[in-house]
Amino acid sequence: MICQECHDRPAALHFTKTVNGEKTEVYLCEKCAHEKGEYLFSGHPAFSLNNLLGGLFNSEPLFSSNPAFREEEVTCEKCHMTFQQLLKTGKFGCANCYTTFDSKLTPILKRLHGGNTMHQGKIPERMGGALHLQKELQLLREKLNEMIASEYFEQAADVRDQIRAVEQKLSGEGGGS
Amino acid sequence: MSLERFINQHASSWMSGTGPHSDVVLSTRVRLARNLDEVCFPTVFQFDDAKKIVKQVNDAVSEKLSLELLKMEDLSPLQKRVLVEKHLISPLLAESSLYGAAFISEQEDISIMVNEEDHLRIQCLSSGLKLQETLDEANKIDNVIEESVQYAFDEKRGYLTGCPTNVGTGLRASVMIHLPALVLTRQMNRIIPAISQLGLVVRGIYGEGSEALGNIFQISNQLTLGKSETDIIEDLGSVVHELMSREQSARDALVKTSKLQLEDRIFRSYGILANSRIIETNEAFQCLSNVRLGIDLGYIQHISKSILNELMILTQPGFLQQYAGGPLRAEERDIRRAALIRERLSMQETN
């Protein structure tokens, strides 16, 4: 893709602008993008990513085209951030925002993280044993399925016993977090 | 101050040009984004919160880790710039953080930024390709801090961050890789889009765009949610290995088909570096890249491999000004840069 401004250098940046539901796409090389949008790229360290993210939130048809939704002002109880502010900055104000805006978050996270919406990684030690056990259980169940699929039935039986042990421990902890 | 002492004093351990696969991979960086549960994120928090966080982190690390606390407000613009050029702090922390601070290790391989976009950015750097070890190191620090603070964590979404692009693991792993033969044989233009499809990002070392200064690329994971830390670095590692082997075959092919042209290019670049009186960043980087390739291929033997890693950092504006002991205009910097490179090369020849 060649830059639409100078028709010379390869385009490095791709913008999609939505005005009143009308979409325009622009492909620019870094230099032209810089010249066109001084305010975006003027070396300000906060850079344009947030503006772009704001755009990403905005481009959800649910939010931008549904007037009923726009009227409803959801506000985070803790940091008082409104959904409109979140759209504008592309950044959350506090941990509680994730709970407040949870229902609107899934499509955005999907888009940012290749379709993923659920954490699969590290869990803080402090979060308590239950969460760790649940994670372990999930891994063991996956392992069990793999073993059954490849017909390693003896090992599968061992894994099944391990699963039971973890399940027992979990019910001992009060069944979860 | 002599250049040798200046370099010894100012080069971080990860610039040493050692470590696994250091003929192609310059350095590995792992960063974990973390926030404390009770306090608002830096996007909206107040000065008192910011101050409290620095104190909390200080309490958490001071006994168990030996790190030096640098408060942004105490540093001059030039000092901050040098830290940015060394990748120890970000431009955002240096310029617009509220009560920003960094805890930095003596070897400069650990830096914990406080009150950047997130309360904490734990960053570890290594020389060469060491993804697992660098991640382990970052995790160790993370665990130490977690003993005394409560992180913002959600079962479903993982570690909660100011920006939704970091949520989940909060992990950004990146590898700085020197790919002169792939650029010379025009293969990078095809490779970059392919890598982007794997959930990884490729950048030239100074920002986006396909033009990489000195043929150095930074490859890092884009996705932070839905994959475990180990999966993220394994995916990144396997792409880096693939690139290394492609770079190696491109080098072999170049040596086989155009040995003389390649040698000519390398020694011309050496000639420029050893003799020029005025040199701009772009040209310096291109020549340094060629000379480094010459060292890797055995054409140039009396210069150490670390020259590219070192001069890449030390010829940036902040460093040049620090070495000069005062502010320099752009033209003066080009003159200083040429002088510094000449001196660095002759330093090695006399050794």
Side-chain angles (χ1 to χ4, degrees), chain A residues 9-13 29-31 33 41 43-47 49-50 52-53 56-57 76 78-81 85-86 89-99 101-102 105-106 108-127 130-131 134-135 139 176-177, chain B residues 32 34-45 84 90-97 117 139 142-143 146-147 149-171 189 198-199 207-211 222-232:
Chain A
R9 289 175 288 267
L13 294 159
C29 72
E30 210 166 0
K31 191 153 181 276
F41 296 88
H44 192 275
F47 181 50
L49 185 65
N50 301 323
L52 293 178
L53 272 179
L56 190 64
F57 279 92
C76 174
K78 182 157 182 233
C79 68
H80 310 295
M81 181 171 272
Q85 283 170 323
L86 177 64
T89 60
K91 280 189 193 171
F92 295 97
C94 69
N96 190 52
C97 286
Y98 278 88
T99 319
F101 306 115
D102 185 66
L105 220 52
T106 303
I108 292 153
L109 291 175
K110 256 190 190 162
R111 203 181 286 190
L112 287 172
H113 294 284
N116 300 322
T117 58
M118 299 288 281
H119 179 56
Q120 300 289 342
K122 187 172 177 177
I123 297 167
E125 285 296 325
R126 286 188 161 215
M127 288 307 290
L131 201 54
Q134 277 167 2
K135 200 96 193 168
L139 288 175
S177 52
Chain B
L32 299 173
R34 298 288 186 256
N35 286 287
L36 309 194
D37 198 27
E38 286 306 309
V39 189
C40 288
F41 295 162
T43 338
V44 297
F45 71 178
V84 171
S90 66
L92 180 71
L93 186 80
E95 275 150 43
S96 42
S97 58
E117 189 182 283
N139 267 329
D142 186 38
N143 294 342
E146 201 220 313
E147 280 171 23
V149 305
Q150 180 92 41
Y151 280 144
F153 181 87
D154 176 77
E155 243 177 83
K156 206 160 69 171
R157 311 290 192 201
Y159 290 93
L160 304 178
T161 52
C163 185
T165 51
N166 295 316
V167 73
T169 55
L171 167 68
N189 294 344
L198 299 169
E208 320 269 329
S210 53
E211 291 250 329
Q222 171 95 301
L223 311 185
T224 55
L225 183 68
K227 278 196 200 178
S228 71
E229 288 80 358
T230 313
D231 285 347
I232 289 172

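Protein chains get the first letters and strands the later ones, always in sequence-line order, with residue 1 at the start of each.
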- Over all atoms of both residues, closest heavy-atom pair of A/Leu109 and B/Pro164: CD2-O, 4.0 Å
- Counting only heavy atoms closer than 4.5 Å, note whether B/Thr43 contacts chain A via side chain, backbone, both or neither. side chain
- Message: Using heavy-atom distances under 4.5 Å, tell me whether B/Thr224 contacts chain A through its side chain, its backbone, both, or neither.
- Response: both
- Name the one of A/Thr106, A/Thr117, A/Asp102 that satisfies side chain to side chain donor-acceptor pair (under 3.5 Å) with B/Lys156? A/Asp102
- Heavy-atom distance under 4.5 Å between the side chains of A/His119 and B/Thr169, does that happen here? yes
- Query: So, for B/Val167 and A/His113, which heavy atoms are closest and what is the spacing to 0.1 Å?
  - Reply: CG1-NE2, 4.0 Å
- Rounded to the nearest 0.5 Å, what's the gap from OH on B/Tyr151 to NZ on A/Lys122? Could you check? 7.5 Å
- Atom group of B/Val149 that falls short of 4.5 Å from chain A, counting heavy atoms: backbone
- Output, in order, the C-alpha distance, side-chain angles, deciding distance and verdict of side chain to side chain contact (heavy atoms under 4.5 Å, CB included) for A/Tyr98 and B/Asp154. CA-CA 9 Å; A/Tyr98 278 88; B/Asp154 176 77; 5.9 Å; no
- Item | Residue among A/Cys94, A/Gly115, A/Cys79 with most heavy-atom pairs under 4.5 Å to chain B | A/Cys94
- Task: Pick one of side chain, backbone, both or neither for B/Asp231, based on which atoms fall under 4.5 Å of a heavy atom in chain A.
- Result: neither
- Message: Tell me the closest heavy-atom pair linking A/Met118 and B/Leu225, and the distance in Å.
- Response: C-CD1, 3.9 Å
- Beyond-backbone contact of B/Phe153 with A/Ile123, side-chain heavy atoms, under 4.5 angstrom: yes
- Heavy-atom pair with the smallest gap, counting every atom of B/Ser228 and A/Gln120: CB-O, 3.7 Å
- Which atoms of B/Val39 approach chain A - backbone, side chain, both or neither, heavy atom under 4.5 Å: backbone
- Query: Where does B/Thr161 contact chain A at under 4.5 Å (heavy atoms): side chain, backbone, both or neither?
  - Reply: both
- Message: Looking only at heavy atoms and a cut-off of under 4.5 Å, which of B/Gly199, B/Ala152, B/Gly170, B/Gly158 has the most pairs with chain A?
- Response: B/Gly158
- Message: Within the 4.5 Å heavy-atom criterion, are B/Val44 and A/His80 side-chain neighbours or not?
- Response: no
- Item | chain A contact via B/Asp37 - which portion, at a heavy-atom distance below 4.5 Å | both
